[in-house]
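Before any comments, here is the structure.
Just so it is clear: chains get the letters A, B, ... in the order the sequence lines come, proteins before strands, and each one is counted from 1.
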Amino acid sequence: MKKNKHNTEFYLRLYKQMTKIRVFEDNANQLYLDAKMPGLTHMYSGEEAVAVGICEALRISDKITSTHRGHGHCMAKGANFNQMFCELLGKVEGYCRGKGGSMHIADQANGNLGANAIVGGSMGIATGSALRAKLQKSDDVTVCFFGDGATAQGLMYEVMNMAALWQLPIIYACENNGYSEYTTTEEIAAGSILERARAFGIEAFNVDGQDVIAVNKLASDLVEKARKGKGPFFIELMTYRYHGHHVGDINRTYYRSKKEELDWKNNRDPIQILGSFLESEGIASDAELMEIHSTISREAKDAVDYALNAAYPDTSEVDLHVFQEV
Amino acid sequence: MPEITLSQAVNQAIAEEMRRDSNVFLIGEDVAEAGTPFKVTSGLVEEFSTERVIDTPISEPGFMGLAVGAAMTGSRPIVDLMFGDFLFLVMDQLCNQAAKIHYMSGGKLNVPLVLRTNLGATRRSAAQHSQSLHALVAHVPGLKVAMPSSAYEAKGLLKTAIRDNNPVVIFEDKLMYQDKAFVPDEEYLLPFGEAAILKEGRDVTLIGTSSMRQVCERAAILLDKDGINAEVIDPRTIVPLDENTILNSVKKTSRAVVVDEGHQNFGTTAEIASRISEKAFYYLDAPVIRMGAMDVPIPFSPVLEDLTVPTAERVAENARKIVSGELVHAL
Amino acid sequence: MPYEIKMPQLGMNQDSATIVTWLKNVGEKVNKGDPVFEVETDKATMEVEAQASGYLSAIQVELGVEVPVGNLIATIVENKKDILKSIEEPNSDNKNQSVADEGSKIDHETITEKSNEVTHEIGDRSFKIDTISKDLSKKTGSSPNEKVLASPKAKVIAVERGLDMRRLIARGLNEPIHSADIMGLQSGEQAQLMAVVQDRLLLELIQTSEDIDKGNIFASFLLGSWHFLFPDKFLHVQINKLDGSVSLFKENILPDEGAEEVIVSIINLCDTRLFSYSSGQNGNVLSVSHSNDTFILNFSFNVADIKLQEAAFLLNELAERVEDPIRQLI
C-alpha cells in the first residue's frame with residue numbers, strides 16, 4: 001500500500017475513532033458495574049470497524065439510524081464524550097437532555113437520526129430519510145445500521161421492497177455479530193442473509209467487519225454510487241461483540257464458549273489489526289499507538305467525571321417535549 | 001358559501017396545503033390514480049404527479065415508517081391508511097417511533113406527519129373493517145387525535161393537522177364521506193383543543209364525537225319534544241381535549257351523556273366521563289352516562305351490527321332518564 | 001490505588017445479590033477476566049469476573065448476606081504487601097438502606113395527609129371535601145356509615161341550606177335524592193304564625209333604660225323561651241337589620257359537637273310601618289313590629305327545622321314573656 005500523507009492521516013484517524021469507541025464502552029461498562037449508571041446498556045466493543053469504516057465514508061449531512069447497541073455509531077458519526085456520558089447518566093446536558101438514555105441517543109447536528117430500542121425499528125425511518133433526499137433531489141445518503149437479529153423483522157422486507165422500487169439512496173448495513181440476543185444466528189435465520197436483499201434486486205456484499213480499511217473501501221464505493229441514484233445497497237459485515245447481549249449478561253456459556261470469545265479478542269480485534277498494519281507500514285510505532293490510547297483514556301475519564309458531577313434535568317422538564325409547541 | 005361533501009373537503013385541504021408547502025406529500029395504498037376506495041384523493045395526482053402522490057405496496061408498517069423518517073428529515077407527509085382497522089399493523093412505527101421521537105430526543109427531532117384514516121361501523125363490513133380505534137392512539141402520549149364531524153370540520157382540522165409539528169392522527173367517519181356541509185370560500189383553519197357547542201341547552205349535556213355528533217343532534221331534537229332542553233357539544237379533537245367547554249356545560253346542566261363510536265370499555269367515553277366526575281363532581285345531579293360501541297367485535301349481519309352502535313333514540317332515552325331522576329343503572 | 005470490586009448490576013430489575021461462593025481466596029493472584037465469585041440473584045446464579053489484575057484483598061461481605069448493588073465487596077491490590085485481611089462484619093452500608101426506607105415511609109404519610117385537603121371550587125367559593133363530609137354528618141346527626149343516596153349536587157345544596165337529608169328521608173322522600181327534590185320540597189314547607197301582644201309592661205321596662213335595643217330584648221326572650229321548651233336543642237339567634245347587616249346575638253350558647261341546632265333571624269320593625277319581613281323562602285325569620293299599643297310577632301319558619309306544633313308553642317311562650325316580662329326573669 002502506498003504511504004502518502006493523506007492515507008497516513010486517514011489511517012490514524014480510523015485508529016483514533018475506533019479507540020474512542022472502545023474507551024467509551026470500557027468506561028460505560030465500569031459505570032454500570034459500579035451502579036452509577038441507571039438502567040442497562042449494550043456494548044459495541046469488538047464491532048468498532050463497522051461503524052468507523054462506514055461513517056468515515058459519509059459526510060455530516062448524510063444520515064444514519066442506529067440500534068440499541070448504538071454508542072459506536074454515535075461516536076463514529078461525530079458525537080462527543082461529554083454529551084454521551086451525560087446522556088448515559090440521565091443528565092440534562094446529555095444529547096437528549098437525559099430523556100433518552102443509552103438506547104435513544106440522537107445527534108441531529110451530525111446526521112444521526114437516533115438509536116432505536118426496537119430491534120429493526122429504525123428501518124422505516126432510514127428508508128424515509130432516503131425518500132426525503134430523493135424528493136428534495138439532494139445527494140445525501142442514509143445508512144441504516146441493524147443487527148443480524150433484525151433480519152427476522154418483517155418491516156425490513158417491506159422497506160427494502162420500496163427502496164428498490166424507488167431506487168432510494170440508502171445502504172442497509174447488517175452487523176452480523178453471530179448472535180441474536182442470546183441465540184446464534186443460525187438458529188434464527190434460514191438461508192442466506194445476502195440473498196434476502198438480492199431477492200429485491202438489491203446489490204448485496206459481504207465484508208470482514210473487523211477490517212476497517214476493507215469496510216471503508218466498500219462503503220466509500222457504495223456511498224458514491226448511491227449519491228448518483230444507483231442505490232439501494234446491502235452490506236453484511238461479519239463481526240463480533242465482546243460483551244454479552246447487554247452488560248450483566250455475563251453468564252453466557254450456554255450460548256457461546258469463552259474459547260470463541262478469546263479467539264476473536266486475541267486474533268480478530270479490529271483495533272489490533274489496524275494497529276499491526278500501522279506498525280508494519282511504519283505509520284505509527286507501538287509507543288505512539290499507546291499514546292493515542294492514553295490520551296483518549298484521559299479525555300474519557302475527564303468526561304466521566306464531568307458527567308458524574310453534571311446536573312440532572314429539572315423535574316419541571318418531565319412533561320416538556322411531549323409535543324412541540326408551534 | 002359552497003356546500004361540499006366531506007370527501008371533497010378532505011381533497012381540498014390536501015390540495016391547498018400541497019400547493020402552499022412543497023414539503024407536503026401524500027403516501028399510501030392506491031392514493032394516486034385510484035384515489036383510494038372512497039375516492040377521497042381523486043385528481044390530486046394530476047396536479048402534483050406521482051412524485052408527491054405516492055402509491056405504495058400493501059405494506060402499512062413499511063410506508064408508515066418511511067413517513068416517520070421523511071418527517072424527521074424535513075418533509076410533512078400525509079399518510080393514507082385505508083381503514084382505521086389497519087392501525088394495529090402500524091402500531092410500532094406510530095406509537096413507539098413517531099409518538100416518542102420528539103420527547104426521547106429531548107426536543108431535538110420532530111415528526112410533523114399526519115395519519116389520515118377512518119372509523120365507523122354499519123357499512124356491513126364486519127369485524128376487521130368497521131372499528132373505531134381512536135382511543136387506542138389517544139392513549140399514547142405524543143400523538144394528537146382529531147375527529148372531524150362534518151365537511152367543515154374535516155377541512156379545517158386537516159389543514160391544522162398538516163401544519164402541526166407533531167404527529168396527528170385524524171379519523172374520518174367513512175359513512176359521512178358523501179355528507180354535505182357549507183364550507184367558507186376563503187381559507188380557514190380550525191384550532192385543536194377547541195370544542196364546538198352545536199346547540200345550547202339547560203337540562204343535559206350530550207357530548208358526541210365524529211359520527212356520534214349527528215346522533216346527539218338528533219337525540220336533542222327528540223328530547224325537545226319532551227320539553228327537555230339538551231346542550232350538544234362536539235369536542236372536535238380528543239387530544240388535546242377542550243375540557244373547559246365540557247366542564248362549563250355540565251356545571252350548567254348538572255347532567256351528561258358521552259357518546260362515541262369506539263368500544264365503550266376503557267374508551268373515549270370513559271375518559272371524558274371520568275374527567276367530568278373528577279372535576280365537576282359537586283355539580284352533578286345524576287351519574288354521567290357513557291355510550292360507546294358495544295364491547296363485541298363488530299358483527300356482519302345488519303340486524304346484529306345495528307345493535308352495536310349508539311342511536312339517537314337510545315341516547316335520548318338515557319338522557320330522559322337522568323333528567324327525570326330515573327335510574328339508568330340499579331342502585 | 002486498589003481496584004474496588006463492587007456488587008455488580010446483573011439484571012434489569014435487580015437491586016441486590018448474595019455471594020454464594022468465593023472462587024478466589026484473599027491473597028490469591030487474580031487476572032483480569034478470571035471468575036472471582038459466584039452470586040445469586042432472584043433469577044439465577046452466575047460467576048463474576050475480575051475487571052483488574054492483582055491480588056484479592058479485604059473481603060467486606062459474608063457469604064449468604066444480601067448485598068445492595070454498588071456496595072464494596074472486596075478489593076484487588078497490585079502488590080502482595082498491600083493485601084488486607086477480610087472484615088467479617090456485616091456491611092455497614094446495609095444500615096443506610098433501612099434508613100432510606102424509613103425516609104420514604106415518612107414521605108408517604110405526608111402525601112396521604114395532603115391528599116385529604118383536596119379543595120374543590122364551586123363558583124367563586126371553595127371548600128374542602130373533608131369539611132363537607134363533616135358538615136353533612138353533623139347536620140344529619142348520623143354516623144358517616146349511614147349513607148344517604150343523593151346526587152353530589154343535592155348534597156351540596158343540603159349543606160348550603162343546613163338541611164338534614166336523613167330527616168327528609170324519614171319524612172317520605174325517596175332515595176336517591178336529586179337537587180330538584182330538595183328545592184321543590186323547601187318552597188312548599190315554609191309555614192307562618194302570628195301573635196299579637198299588649199305592649200304596656202314591656203314598654204315600661206324599656207323606658208327605664210334608654211340604651212336597650214328592642215331587637216336584643218326580643219332575642220333574649222326568644223332564647224329563654226326556646227331553652228325553656230327545648231332544653232336539648234340549640235338555637236342560634238341572628239339579629240338582622242333593614243340595612244342588610246347580620247350579627248349573631250351575643251348571648252348564644254355554643255352547641256355540643258353533633259347536637260341539633262336551629263338558626264332563627266330576628267328583625268325589629270318597631271320603628272317602621274312594616275308588619276312582616278319574610279321572603280317566603282327557606283329560613284326562620286321572626287319579625288317584630290309595633291302598632292296601636294301592641295307588638296305584632298310574625299314568625300316565618302321552615303318545618304324541616306321547627307315543626308309547626310313546636311313553633312306554635314315557641315311563639316306562644318315568647319308572646320307571654322313579652323306580655324309579662326317577669327316570666328323571663330324567673
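From B:Phe281, atom CZ reaches atom NZ of C:Lys153 across 13.5 Å, with rounding to the nearest 0.5 Å. Annotation: the span from C:His178 atom NE2 to B:Leu284 atom CG amounts to 10.5 Å, rounded to 0.5 Å.
Judged as a side-chain hydrogen bond (donor to acceptor under 3.5 Å, both in side chains), and not counting sequence neighbours, the contacts of B:Asn96 are B:Asp92.
Contacts from residues 190-199 of chain B to chain C, taken as heavy-atom pairs separated by less than 4.5 Å, involve no residues at all.
By the 4.5 Å heavy-atom criterion applied to side chains, C:Pro152 and B:Asp285 are not counted as neighbours.
Taking each heavy atom of B:Ala286 and C:Ser151 in turn, the nearest pair found is N-CB, 4.3 Å.
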